[in-house]
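Here is the structure we will look at.
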Amino acid sequence: MRKYLSLLAATTMLAGCATSPAPEPVAPAVAEAPAPAPEAPKPTYGTFGFDKAGMDASVSPGDNFYQYANGTWAKETAIPADKSNYGMFTVLDDLSKERTRTIIEDMAKDPSSKIGLAYNSYLDTASIDAKGLAPFEPWLSQVRGLKSKAGLADLYGRADRIGIGSPFGFYVGQDDKNPDRYVTGLFQSGIGMPDRDYYLSTDPKIVDVRGKYLQHLTNVLTLAGEANAAARAKAILDFETGIAKAHWNKVDSRDATKTYNLMSFAKLQQSAPGYDFATMLKVMGINAPEVNVAQPSAITGIAKLVKAAPLGVLKDQLLVRSLDQYASVLPSKFDAESFSFYGTALSGTPQQEARWKRAVNFTVGALADDVSKIYVQRYYPPETKAAADALVKNVVAAMGRRIDQLTWMKPETKVRARAKLANFVTKIGYPDQWHNYSALNIVGGDPLGNAMRAAEWGHEDSVSRLGGPIRRWEWGMTPMTINAYANFGMHEIVFPAAILQPPFFDPNADPAINYGGIGAVIGHEISHHFDDQGSKYDEYGRLSDWWTPEDVKAFQEATKALGAQYDAYEVFPGAHVNGAFTMGENIGDLAGLSAAYDAYVHSLGGQPAPVIDGTTGDQRFYLGWAQVWRRNYREANLRQRLLTDPHSPSEQRVSVVRNFDQWYKAYNVEPGQKLYLAPTQRVRIW
């Protein structure tokens, strides 16, 4: 935008400088002729910001609004070979990677640049293959050389420091009930597949993946030169199956109340006899008088399994986990094997991403803020930030009006809900403070070492939070990320620069499209603070009981109805959306779209929206919502998402419109159509 304005100024100047005295008869006409009006900037998509060519008008919006808005796009858009799914998020992610690559390659021209050294070392696959496993042998020798279980906690602690998972997962985060301090958290871990259901389900598709995982374990041990690989792989799978049985399910594991179990270190040790947490935490650099244990019974169960397991099985599991964790900077046979399971078997992706794309990801992962600073200078004009900030304010205000109008919430609770809304911190674009990587040593020609040192730097940085002030300046995403998030303890909503682009946000699009797109995204993140988990946090970001019992009952009745609505969606024969697991995101979509719609109507100032290209303002609003969720999935990826992703699939996210009276009016949806819900069945929460 700044470049465009500069060019306009230069053009005006050039026209003025080129004017010269003309013959008398012509001069008056030239002087008096009005300058042609500059052509208004056009939206990126279509005439008003939406890709109408991607619609399928043969589908009734009342039967399948997703297909109506996106059907032709879905039919004509192939998923690239290196992707498990493809949609508007991936379109922008590709753009973000291209831009970031340009930045990194520019920096790589300086031989002393850490960014360039990290990137080029990762790209040098010939050198990686030539060195073999030699660079990793110091660590692998530690794993293989463990002589007794007395040294296991020490080894697990050292593994954690370099990002290699053990049966026990640790993190440092805000204390949910005292968000002005950091606390050590402990959570269930120890499985190599994404969820316990991959070990326990009898679904033939999942059973098939389980068989491929067993083969993967066998292959990794074989590549590492281990004898009797098949039997040892089976022992790992059996051990992890036991862990999976001890794990809490995904619904309980997202419950903020159930997963808050702050206990003294002494009580933790009592709950897991036979495992030396003291040594593990000491090696990790954590001095923890108390620990929040997310899934206490799982930790107890896992500790028993570790105590009972043969030492060889524990070593083999850690060996495989180590080789998978660093596969991308190990010889190509390890990289290919890891991708064959985690990329192809689990997600259905036929082809691995080009090495440069993965090098971009690696470099950003290691030196995120150093790259981010340059990205926002090049690709995020301040006028975009200002326009997005105005939209956020409008949607927050709309949410406030909706709270005021609630019929199910007690007046005293409304006061606190409004106070919670007033306390929001909104972060748009990029952080105002950056991390310092001066202590991170990046060495040319040492990709594995760079990866391990970057992991340890991240670990040290995380642990250093303990005992210090809350880093309210920190972001959980880079500005290059196509996403947004809400943080309950920080009381914030965060929108990275890269999502503030078409089709989510286009300053030249009709406002209805922007409110249906980025407006609903904004509303979604606001609403997370009022979803089934976020609503448990008060106006100060504390996990507390701040609602009346009557409020809780009314809210739970509404969420139960929403859960039943999503439970009914059958994505594959016998495979449904899990309404309880996806509840938070579904509430975010429902309440967020509600707030965005109200903000859009309010922005019209009482005037009717124009009809553009035969579409009304309300029609365009819901089309804006539908377009941002365009996504084609590979079957394996979609099945995996049903088990592991708390978001509903795209088609079901779009279908939330069936709860809006205005959508029915906009598209003349009648009884008998597939999405039709009787007015009493339409869920309204916020």
Side-chain angles (χ1 to χ4, degrees), residues 139 142-143 146 148-190 256 259-304 306-307 314 318 321-322 325 433 435-441 452-474 476 487-490 541-543:
W139 169 252
Q142 291 182 53
V143 176
L146 184 65
S148 73
K149 284 190 179 178
L152 185 64
D154 178 273
L155 186 63
Y156 279 165
R158 281 181 277 146
D160 189 278
R161 294 183 68 93
I162 54 175
I164 297 169
S166 77
F168 306 100
F170 285 90
Y171 68 95
V172 172
Q174 280 177 285
D175 183 339
D176 274 356
K177 291 191 176 181
N178 183 6
D180 289 328
R181 70 165 190 165
Y182 288 111
V183 69
T184 301
L186 169 61
F187 60 95
Q188 63 189 22
S189 186
T259 55
Y260 186 85
N261 304 284
L262 194 65
M263 62 181 68
S264 67
F265 177 75
K267 185 176 179 181
L268 167 64
Q269 196 64 70
Q270 290 171 7
S271 71
Y275 185 75
D276 185 5
F277 277 113
T279 293
M280 184 176 184
L281 289 168
K282 182 179 180 181
V283 171
M284 292 167 62
I286 295 175
N287 182 9
E290 53 187 357
V291 180
N292 183 55
V293 183
Q295 301 101 349
S297 63
I299 297 303
T300 298
I302 294 169
K304 289 179 180 178
V306 170
K307 183 178 181 180
L314 301 176
L318 189 58
R321 200 71 76 244
S322 301
Q325 175 65 30
Q433 185 176 336
H435 290 93
N436 184 329
Y437 300 109
S438 59
L440 174 57
N441 188 26
M452 296 176 76
R453 287 186 292 272
E456 187 148 21
W457 183 94
H459 172 86
E460 293 285 355
D461 183 63
S462 179
V463 169
S464 72
R465 292 175 173 87
L466 290 168
I470 297 298
R471 299 182 187 178
R472 300 193 180 277
W473 55 271
E474 275 189 324
N487 185 315
F488 303 150
M490 291 288 193
R542 298 177 304 204
L543 183 64

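One-based numbering along the sequence shown. Source: prediction; values computed, not measured.
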A side-chain contact here means heavy atoms from C-beta on lying under 4.5 Å apart; do Pro179 and Phe488 qualify?
no
Do the side chains of Val463 and Met284 get nearer than 4.5 Å, heavy atoms only?
no
CE on Met263 to CD1 on Ile299, rounded to 0.5 Å
9.0 Å
Give the intermediate values and the outcome of side chain to side chain contact (heavy atoms under 4.5 Å, CB included) for residues Ser297 and Thr300.
CA-CA 5 Å; Ser297 63; Thr300 298; 5.6 Å; no
Closest non-hydrogen contact found for Ala455 with Gly163 is CB-N, 4.2 Å
CD (Gln325) and CE (Met452) are apart, to the nearest 0.5 Å, by 10.0 Å
Check: Thr259 main-chain N/O paired with Asn292 side-chain donor or acceptor under 3.5 Å
yes
What do you reckon, is NZ of Lys267 surrounded by more than 12 foreign heavy atoms closer than 6.0 Å?
no
Using modelled atom types and a 3.5 Å cut-off, is there a donor and acceptor pairing between side-chain atoms of Thr279 and backbone atoms of Asp154?
no
Carefully, step by step, assess Glu474 and Asn487 under the rule side chain to side chain contact (heavy atoms under 4.5 Å, CB included).
CA-CA 11 Å; Glu474 275 189 324; Asn487 185 315; over 6 Å; no
Determine whether Phe277 and Val291 make a side-chain contact, defined as any pair of heavy atoms from C-beta on separated by less than 4.5 Å.
no
Test item: Lys149 side-chain N/O and Val306 main-chain N/O as donor-acceptor pair under 3.5 Å
yes
So does Asn287 have more than 12 non-hydrogen atoms from other groups sitting under 6.0 Å from CG?
no
Does Ser189 use its side chain to pair, donor to acceptor, with the backbone of Ser166 at less than 3.5 Å?
yes
Taking every heavy atom of Ser322 against every heavy atom of Ile164, the minimum-distance pair comes out as OG-CD1, 3.5 Å
Taking Tyr437 for its side chain and Trp457 for its backbone only, find out whether a donor-acceptor pair lies under 3.5 Å.
no
Passes side chain to side chain contact (heavy atoms under 4.5 Å, CB included), Ser264 versus Gln270? Steps please.
CA-CA 10 Å; Ser264 67; Gln270 290 171 7; over 6 Å; no
Could you report the tightest heavy-atom contact between Thr184 and Ala288, atom names first, then the distance?
OG1-CB, 4.1 Å
Decide yes or no on side chain to side chain contact (heavy atoms under 4.5 Å, CB included) for Tyr156 and Leu314, but give the supporting numbers first.
CA-CA 10 Å; Tyr156 279 165; Leu314 301 176; 3.9 Å; yes
Do the two ring centres, one from Phe168 and one from Phe170, sit under 6.0 Å apart?
no
Distance check, rounded to the nearest 0.5 Å: Ile286 atom CD1 versus Asp160 atom CG?
7.0 Å
Going by an N to O cut-off under 4.0 Å, is there a salt bridge joining Arg542 and Asp175?
no
Can we say Glu290 and Arg181 salt-bridge, meaning some charged N sits less than 4.0 Å from an Asp/Glu carboxylate O?
yes
Counting only N and O atoms by type, is there a donor-acceptor contact under 3.5 Å from the side chain of Ser462 to the main-chain atoms of His459?
no
Flag, side chain of Asn261 to backbone of Val293, donor-acceptor distance under 3.5 Å:
yes
Glu456 to Ile162 - nearest heavy-atom pair and separation:
OE1-CG2, 4.1 Å
For the CG atom of Leu146 and the CG atom of Leu318, what is their distance to the nearest 0.5 Å?
9.0 Å
Write down the atom of Tyr275, the atom of Ala153, and the distance for their closest heavy-atom approach.
OH-CA, 3.6 Å
Residue pair Arg471 / Asp461, side-chain heavy-atom distance below 4.5 Å:
yes
Return the minimal non-hydrogen interatomic distance between Leu543 and Tyr260, and the atom names on each side.
CD2-CB, 3.9 Å
Within the side chain of Gln295, is there an N or O that forms a donor-acceptor pair under 3.5 Å with the backbone of Gln188?
yes
To the nearest 0.5 Å, tell me how far Leu186 CG sits from Ile302 CD1.
8.5 Å
Roughly how far, to the nearest 0.5 Å, is CG of Leu155 from CH2 of Trp139?
4.5 Å
